[in-house]
Amino acid sequence: MPPPTTDLARRLASTESVLTEDARFGFDELQLAFRNRGMLLEALGYDITPTGMHFLLTHFDVPQIDAGKWRLDVGGLFAQKFALPLAELRKLPQKTLTVTMECAGNGRALLNPRPVGQPWINEAVSTARWTGVPLATLLRRAGLRPTASEIVFWGADSGIERGDEHTYARSLKVADAMREEVLLALDMNGAPLEPQHGAPLRLIVPGWYGMASVKWIRRIEAVERPFEGHQQAHNYHYRQTPDAPGVPVTHIRVRALIQPPGIADFVSRARVLDAGRVRLFGRAWSGAGVPVTHVDVAINGEWRPAELAVQVGGYAWRAWSCEWDAQPGEYQLSCRATDAHGEIQPLEQWWNRSGMGNNRVQKVAVLVR
Ligand SMILES: Nc1nc2c(c(=O)[nH]1)N[C@H]1C(S)=C(S)[C@@H](COP(=O)(O)O)O[C@H]1N2
Ligand SMILES: [Mo]
């Protein structure tokens, strides 16, 4: 492409990705925030997030797909290549899993300097019941060849990101793709997928950040060499500098959130609470099927352990709660989870260029009256 000369051409070619300290939120970030809704934090109260409250992240446009004409194209290093209509896919044995999904960019807007991108604060997490065909079933039926090293999942959506035009696609190494919990999901919470969540078919990779769960899958391809698509090789890396090779983003990092107590101030979202005994409540989760073993709650910096309830599924969050005798005053509440691998949420930001995996503890301002 020739060097861009107009303002618009410069924006489309821009690879700019970090704003300096104290930068105001811009129009582009506001626009992204409207398109990519977060889960309302009060919805932490539901074991399963109602579908209409599940967070959304769509890089480009939601494609409008005619499910009657749609075919899943299976190709590359398979003994058989075929195109499967939806009705055929629905005839294969299915299973249902409860999965907590979190966007890798959750917490990005809290970073300083601020990476430009969907400006999540803490709300890019939800839990759903996904029903579909285990991916391994399909890979076995298609006769995956031993020379294949990765499976690539091609979405039906294309666009431009950091100057690079491409179709949204991600790959999994064969060993990860064959794991029994990886689903080709047709239904979400007992109903066919809605357009914004990937209809008619999406991948669900439990325990991984959301980018792995490719929506609107059109083609599954077995390949010999590592896939180098934009969303695999360039995006979704932990990097300190733009040219660093970086470390690929994979599993969800441990995190806990508080369901904001009391009543909200409309504009600031600060909380107001009447003095007395209150039960603080929230959810905690980690990645790769590793259970959360411990949650601590801080009230003005004083930590105390919370009680844990049962996990709502092997790849899902668990509830925690903690009694608080709230006396009049101003408070900052925080919660901090530890998982069975001893991973614990950091108290300070863990900065990287695209603002991935920032699982620093949440802070909630409360006025007790
Ligand atoms: N095809 C496609 N799949 C995609 C995306 C996308 O933009 N296009 N976004 C990914 C990201 S970054 C996340 S966090 C999840 C969000 O899924 P949801 O919108 O159903 O909550 O979808 C993933 N799958
Ligand atoms: Mo994401």
Side-chain angles (χ1 to χ4, degrees), residues 32-40 43 48-65 70 72 99-109 115 117-130 132 152-162 164-172 182-189 191-220 227 229-232 234-238 248-253 255 285 287 354-359:
L32 279 173
F34 280 128
R35 292 188 52 80
N36 297 300
R37 66 153 184 244
M39 184 190 72
L40 306 177
I48 309 294
T49 314
T51 302
M53 292 175 105
H54 195 287
F55 87 89
L56 284 179
L57 193 293
T58 299
H59 284 246
F60 308 128
D61 290 346
V62 171
Q64 198 172 334
I65 296 173
W70 175 94
L72 175 64
V99 177
T100 294
M101 187 190 293
E102 182 176 19
C103 180
N106 204 13
R108 177 183 290 125
Q118 164 62 25
W120 297 123
I121 304 171
N122 282 309
E123 56 295 279
V125 62
S126 302
T127 297
R129 283 172 67 73
W130 302 97
V152 186
F153 305 89
W154 293 91
D157 49 327
S158 298
I160 302 165
E161 197 163 324
R162 310 249 184 263
D164 187 4
E165 183 172 342
H166 61 276
T167 294
Y168 191 98
R170 293 268 315 176
S171 70
L172 287 175
V182 180
L183 294 183
L184 289 168
L186 295 150
D187 296 328
M188 176 183 186
N189 299 334
L193 294 183
E194 293 187 1
Q196 69 279 13
H197 287 297
L201 185 75
R202 79 174 300 172
L203 192 64
I204 289 293
V205 189
W208 287 55
Y209 279 121
M211 74 284 154
S213 294
V214 178
K215 302 194 273 192
W216 313 294
I217 296 184
R218 206 170 49 180
R219 177 174 164 79
I220 294 179
F227 177 59
H230 185 96
Q231 301 296 339
Q232 188 77 25
H234 183 74
N235 204 359
Y236 296 109
H237 276 68
Y238 296 115
V249 174
T250 58
H251 298 119
I252 296 173
R253 287 154 58 86
R255 193 197 293 265
W285 61 93
S354 352
M356 300 290 172
N358 177 29
N359 61 340

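Atoms within a ligand are numbered from 1 in the order they appear, just like the ligands themselves.
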Under a plain distance cut-off of 3.5 Å, with no hydrogens placed, do Thr127 and Thr49 share a side-chain donor-acceptor pair?
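Distance-only check fails for Thr49 and Thr127.
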Do me a favour and list the nearest non-hydrogen protein atom to [atom] with residue, atom name and distance?
atom: atom 24 (N) of ligand 1; result: Ser213 O, 3.0 Å
atom: atom 9 (N) of ligand 1; result: Leu57 O, 3.2 Å
atom: atom 12 (S) of ligand 1; result: Tyr236 OH, 3.0 Å
atom: atom 15 (C) of ligand 1; result: Gly210 O, 3.5 Å
atom: atom 7 (O) of ligand 1; result: His59 N, 2.8 Å
atom: atom 10 (C) of ligand 1; result: Tyr168 OH, 3.6 Å
atom: atom 22 (O) of ligand 1; result: Arg202 NH2, 3.4 Å
atom: atom 8 (N) of ligand 1; result: Asp157 OD2, 2.7 Å

Just verifying a value: how many Å separate Glu102 CD and Trp208 CH2, rounded to the nearest 0.5 Å?
15.5 Å
For Glu161, run the side-chain hydrogen bond (donor to acceptor under 3.5 Å, both in side chains) check against Gln231, His234, His166 and tell me which one passes.
Gln231
[X] side chain to [Y] main-chain N or O, any donor-acceptor pair under 3.5 Å?
X: His237; Y: Asn235; answer: yes
X: Tyr209; Y: Gly287; answer: no
X: Arg108; Y: Ser354; answer: yes
X: Arg170; Y: Gly155; answer: no

Determine, using heavy atoms of Gly198 and all atoms of ligand 1, whether some pair is separated by less than 4.0 Å.
no
May I ask whether Phe153 places a heavy atom under 4.0 Å from ligand 1?
no
Near [X], which atoms of ligand 1 are under 4.0 Å from a heavy atom of that residue?
X: Leu56; value: 19 (O), 21 (O)
X: Thr58; value: 7 (O)
X: Cys103; value: 14 (S)
X: Val214; value: 1 (N), 3 (N), 24 (N)
X: His54; value: 21 (O)

Do other residues, nucleotides or ligands put more than 12 heavy atoms under 6.0 Å from Leu32 CG?
yes
Looking only at heavy atoms, which two atoms of Met188 and Ala128 are closest? And how far apart?
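That would be CE-CB, 4.0 Å.
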Nearest atoms (heavy-atom pairs only) where Phe55 meets Met39:
CB-N, 3.7 Å
Close N or O approach ([X], ligand 1; < 3.5 Å):
X: His197; result: yes
X: Lys215; result: yes
X: Trp130; result: no
X: Met211; result: no

Under the side chain to side chain contact (heavy atoms under 4.5 Å, CB included) rule, what do Ile220 and Phe153 come out as? Steps first, then yes or no, please.
CA-CA 5 Å; Ile220 294 179; Phe153 305 89; 4.0 Å; yes
Can you confirm whether Asp61 sits close enough to Asp157 that some side-chain heavy atom of one is under 4.5 Å from a side-chain heavy atom of the other?
no
Which part of Phe55 is near ligand 1, with near meaning a heavy atom under 4.0 Å away: side chain, backbone, both or neither?
both
